[in-house]
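No hydrogens, no waters, no symmetry mates; every other heavy atom, side chains included, goes into these values.
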Amino acid sequence: MEGVHDMGGMHGFGAVPVDDVQLPFDEPWEGRTFGLFIAAGAAGARSGSIRPGIEAIAPADYLAMGYFERWARSLEAGLVDAGTLTVADIDTRVRTPRPPGRHAQDTNPKMAAGLAAALINHPRRPSGEDVPARFDVGDRVTVKRMAPEGHHRCPRYVRGVTGTVIRQPGGWPHASGDGPPEAVYTVRFEMGDLWGEDAEAGFLHLDLWERYLA
Amino acid sequence: MEGVHDMGGMHGFGAVPVDDVQLPFDEPWEGRTFGLFIAAGAAGARSGSIRPGIEAIAPADYLAMGYFERWARSLEAGLVDAGTLTVADIDTRVRTPRPPGRHAQDTNPKMAAGLAAALINHPRRPSGEDVPARFDVGDRVTVKRMAPEGHHRCPRYVRGVTGTVIRQPGGWPHASGDGPPEAVYTVRFEMGDLWGEDAEAGFLHLDLWERYLA
Amino acid sequence: MNDRPADAPHPASLRIEAIEALLVERGVITSDVVDTIIETYEHHVGPLNGARVVARAWIDPDYRARLLEDGTGAVGELGYGGAEGEHLVVLENTEAVHNVVVCTLCSCYPWPVLGLPPRWYKSAAYRSRMVREPRAVLAEFGTTLPEDVELRVWDSSAEVRYLVLPLAPVGAEARSEDELAGLVTRDHMIGVVR
Amino acid sequence: MNDRPADAPHPASLRIEAIEALLVERGVITSDVVDTIIETYEHHVGPLNGARVVARAWIDPDYRARLLEDGTGAVGELGYGGAEGEHLVVLENTEAVHNVVVCTLCSCYPWPVLGLPPRWYKSAAYRSRMVREPRAVLAEFGTTLPEDVELRVWDSSAEVRYLVLPLAPVGAEARSEDELAGLVTRDHMIGVVR
């Protein structure tokens with residue numbers, strides 16, 4: 001979809017809020033959100049993946065929310081969609097908070113250890129698969145005009161722009177989740193071709209599925 | 001600027017909230033906002049124009065606000081920028097509301113009548129001025145790539161797209177307010193050239209200043 | 001967007017009230033001027049103006065020709081014009097062509113002939129979608145356009161303001177101008193209804 | 001974004017607490033699993049992993065060559081890998097070239113070597129501006145890039161994750177791997193610092 005999450009090139013967001021914070025979570029609930037998202041996925045208790053769930057957030061809300069608020073919203077949507085919880089369940093529990101009851105003291109060290117291991121399990125080879133590719137390194141390719149409703153990874157700022165293929169890292173199923181692995185290309189664009197005559201000098205690189213290119 | 005106000009083509013905003021309301025203001029304060037904006041302009045009490053003031057609203061706020069809330073924000077910014085009021089003046093008055101004091105009973109029937117007449121005063125001729133024009137009706141023109149920080153009227157969805165000039169209504173100073181009148185062209189684009197192979201059939205027309213075109 | 005209770009004032013309402021009070025106290029403006037501006041657009045300038053223009057065009061071929069040639073001038077003949085109507089272009093619907101108007105960047109609208117824009121015209125949904133999927137949007141207004149009718153969308157975001165001249169009803173020449181004007185709605189002249 | 005007092009819980013916090021309680025009660029998950037995931041990214045997976053990769057590359061030319069050829073494999077040699085690092089590409093800074101990474105569409109980031117992304121990497125300002133005015137953004141990090149250095153921005157929004165291999169300090173070969181790793185920061189490996 002063409003959503004507000006596609007921010008490349010926009011004005012109005014001010015200076016970068018540079019800080020030197022090294023910890024991943026500012027508040028404990030952010031860590032819980034992250035951990036629950038992964039644990040619920042491993043337990044088969046939620047459907048969907050993180051990005052489409054986040055992009056489904058209403059545009060004004062998306063912009064007003066922090067990063068882990070969006071994760072929390074995506075997690076909730078996935079749990080509800082899978083039938084694990086209902087919005088009413090959660091609403092009720094928020095209004096009448098109490099500590100977890102049954103199973104509150106349960107632990108599952110085997111699952112915890114397994115999941116921790118899986119998260120940092122290094123693969124034998126890179127994930128890109130060997131697939132047929134229409135374009136070669138060095139080819140000039142133009143990003144198609146499009147306005148897909150489904151989840152995609154083709155930012156608006158490259159539409160209609162021509163660049164050069166500099167790498168073909170492999171094939172992956174398209175971001176929308178459908179179909180077999182499809183060739184992805186790393187394409188180099190000149191900044192001036194993206195932003196016009198006042199652009200800074202330099203190059204912009206983007207990984208694009210074959211379906212986006214002509 | 002490239003802001004969230006530039007909505008053409010985006011997803012995520014749902015169905016059109018069709019209604020049959022014929023009155024221009026839903027709540028009295030909306031009418032006051034509109035009237036104050038015009039009256040303050042006529043009194044020379046605010047600077048700026050409506051659109052840049054609205055586009056300066058932070059993106060998340062812009063999307064969360066209603067139409068006349070944006071006008072209210074733009075009005076306030078213009079009054080503050082002109083030195084007529086300070087934000088502190090307004091904040092204080094909001095916290096301690098009381099009816100207007102001095103001059104509350106004043107009227108200015110002459111200004112009211114004059115302004116009402118000016119608002120509906122029909123011009124002798126269309127406002128477009130006769131200016132030199134680089135392109136002729138029938139010419140194919142391509143919208144330049146750009147990312148201007150200032151106020152402009154060139155939506156992102158036509159960048160890099162080629163269309164045909166169908167009219168040259170005249171010249172106006174560019175939207176940013178600078179310089180002499182500059183030719184404006186009404187350009188016709190094919191929907192497929194804007195949105196790709198899945199586009200609906202039809203044509204999209206847009207008035208574009210000469211500086212946007214090549 | 002607001003979680004306030006139904007009877008609580010909108011926060012912007014309090015702020016605008018404060019601004020008006022301050023401007024009045026300081027002698028910058030008087031409230032009757034504001035009243036008059038509101039009254040102008042609540043009672044005097046609205047779609048009835050446009051409807052009269054359309055009705056005249058339906059019964060008077062010479063006027064129609066002038067209207068399509070110079071919208072500003074022909075609308076002015078009927079006494080209409082002013083703010084946001086400084087350069088009007090009239091778009092002619094035919095059996096083969098349908099026109100519809102939007103402003104993606106804000107909500108530009110031909111005030112002198114239609115008044116201030118309706119709520120939905122100002123909505124993000126209308127602004128974002130009308131340029132990309134106009135037939136789908138028209139369907140939400142109950143308007144189904146035959147496939148063979150050419151659809152022309154006008155994104156009026158610069159200086160020109162657009163008014164759609166709808167198809168005349170059958171037998172228009174035999175009806176009075178007032179009667180015809182009564183048939184023309186705002187939605188016809190924006191183009192969301194055919 | 002929130003007007004809540006400093007000591008009030010974030011609304012999302014209450015909601016997440018309710019969700020966890022419900023999932024635990026219903027036997028869907030146990031809280032120790034959540035604890036372990038948090039601990040993994042708070043204590044075990046972070047920029048120190050990437051720093052060790054960089055330090056090794058600085059002192060071992062063969063490793064450097066493997067790293068640039070197959071990032072995933074070479075990082076795996078040091079025991080790092082996993083979620084969001086399934087296909088790593090390492091970008092080599094040189095005297096003539098500087099690389100910097102962003103994700104405009106969300107906040108894609110090479111977790112196994114850098115941990116979870118910093119707050120500013122996830123900000124709308126960084127995401128919107130790094131692809132359009134990278135030198136201006138670098139300046140906000142205190143990084144002024146000579147005009148003759150070629151700037152390469154990588155918008156890592158699909159499947160590949162990118163790690164910047166910074167320029168080695170003078171005399172790197174004479175220093176220990178641990179000492180060198182201590183010089184490498186997260187910001188070097190994103191490319192906002194040179």
Side-chain angles (χ1 to χ4, degrees), chain A residues 5-10 13-19 21 24 29 31-33 35-36 38-40 43 45 51 64 67 69 72 84-85 89-90 93-94 100-104 106-108 111-112 115-116 119-123 126-128 153 155 169 172 184 195 200 202-207, chain D residues 1 10 12-16 18-22 24-25 27-30 32-34 36-38 40-42 45 70 72 76 80-83 86-87 104-106 112 115-116 118-120 122-128 131-135 137 140-141 151-155 157-160:
Chain A
H5 68 282
D6 184 357
M7 293 182 169
M10 293 191 67
F13 294 109
V16 177
V18 177
D19 65 41
V21 175
W29 69 268
R32 302 313 292 175
T33 300
L36 282 165
I38 290 174
R51 293 163 174 173
Y67 179 76
E69 263 183 288
T84 302
L85 298 178
D89 287 339
I90 305 168
R93 190 59 176 242
V94 168
R102 200 162 59 93
H103 299 302
D106 287 3
T107 61
N108 191 340
M111 185 183 179
L115 206 42
L119 282 169
I120 60 168
N121 182 38
H122 56 88
S127 63
R153 305 301 281 181
W172 287 267
V184 167
W195 312 112
E200 290 187 4
F203 297 93
L204 185 287
H205 306 76
L206 198 58
D207 296 311
Chain D
M1 297 297 165
H10 193 290
S13 158
L14 301 174
R15 208 150 178 91
I16 276 298
I19 287 172
E20 181 164 358
L22 288 163
V24 165
E25 273 170 20
V28 177
I29 57 150
T30 55
D32 65 319
V33 174
V34 179
T36 304
I37 296 164
I38 294 170
T40 300
Y41 289 97
E42 277 189 336
V45 179
D70 170 14
T72 324
Y80 310 133
E86 293 88 352
H87 195 113
T104 56
L105 298 180
C106 46
L116 300 185
R119 213 160 15 175
W120 54 258
K122 301 178 285 190
S123 70
Y126 187 78
R127 290 166 53 191
S128 60
V131 290
R132 179 171 48 76
E133 45 173 5
R135 284 172 193 261
V137 173
E140 288 173 22
F141 285 90
L151 183 53
R152 298 181 184 168
V153 180
W154 303 77
D155 184 357
S157 41
E159 300 290 334
V160 177

message: Does any backbone or side-chain atom of D:Leu105 lie under 4.5 Å from a heavy atom of chain A? Answer side chain, backbone, both or neither.
response: both
task: Select one option (side chain, backbone, both, neither) describing which atoms of A:Arg51 are under 4.5 Å from chain D's heavy atoms.
output: side chain
query: Which bit of D:Asp155 is near chain A, if near means a heavy-atom gap under 4.5 Å: side chain, backbone, both or neither?
result: both
- request: Can you tell which part of D:Tyr41 gets under 4.5 Å to a heavy atom of chain A, answering side chain, backbone, both or neither?
  value: both
field: Region of D:Val160 in contact with chain A, defined by heavy-atom distances below 4.5 Å
entry: both
query: Looking at D:Cys106 and A:Arg153, what are the two nearest heavy atoms and their distance?
result: SG-NH2, 2.9 Å
field: Residue, of D:Glu20, D:Glu86, D:Glu25, that accumulates the most heavy atom pairs under 4.5 Å with chain A
entry: D:Glu25
- prompt: Taking every heavy-atom pair that is under 4.5 Å apart, which of A:Gly128, A:Gly202, A:Pro17, A:Ala72 has the most such pairs with chain D?
  reply: A:Pro17
message: If I compare all heavy atoms of D:Val24 with all of A:Ala104, which pair ends up nearest, and what's the gap?
response: CG1-CA, 3.7 Å
task: State, with a plain yes or no, whether a side-chain heavy atom of A:Leu206 is found less than 4.5 Å away from one of D:Ser157.
output: yes
field: When A:Leu36, A:Asp6, A:Thr84 are compared by non-hydrogen pairs under 4.5 Å with chain D, the top option
entry: A:Leu36
message: Counting C-beta onward and ignoring hydrogens, is there a side-chain heavy-atom pair between D:Glu159 and A:Asp207 closer than 4.5 Å?
response: no
query: Taking every heavy-atom pair that is under 4.5 Å apart, which of A:Ala39, A:Pro169, A:Gly35, A:Pro126 has the most such pairs with chain D?
result: A:Pro126
- prompt: Is it the backbone or the side chain of A:Leu115 that comes under 4.5 Å from a heavy atom of chain D, or both, or neither?
  reply: side chain
field: Heavy-atom proximity to chain A below 4.5 Å, by part of D:Val28
entry: both
query: Can you check whether A:Phe13 reaches D:Ser123 side chain to side chain, under 4.5 Å on heavy atoms?
result: no
- request: Could you tell me whether a side-chain N or O of D:Arg132 sits under 3.5 Å from a main-chain N or O of A:Met10, the two making a donor and an acceptor?
  value: yes
query: Taking side chain as C-beta onward, heavy atoms only, is D:Pro134 less than 4.5 Å from D:Arg152?
result: no
message: What part of A:Asp19 gets within 4.5 angstrom of chain D, counting heavy atoms only: side chain, backbone, both, or neither?
response: both
statement: Most heavy-atom pairs under 4.5 Å with chain D, out of A:Asp106, A:Asp89, A:Ile38, belong to A:Asp89
- prompt: Is the shortest heavy-atom distance from the side chain of D:Thr30 to the side chain of A:His103 under 4.5 Å?
  reply: no
message: Just so I understand: if I count every heavy-atom pair under 4.5 Å between each of D:Ile38, D:Thr72, D:Asp32 and chain A, which residue has the most?
response: D:Asp32
field: Non-hydrogen atoms of A:His5 and D:Arg127 that approach each other most closely
entry: O-NH2, 2.8 Å
A:Val18 and D:Tyr126, any side-chain heavy atoms less than 4.5 Å apart: no
query: So which of A:Val184, A:Thr107, A:Asn121 has the largest heavy-atom pair count under 4.5 angstrom toward chain D?
result: A:Thr107
- request: Tell me, for D:Thr40 versus chain A, whether the close heavy atoms (under 4.5 Å) come from the side chain, the backbone, both or neither.
  value: side chain
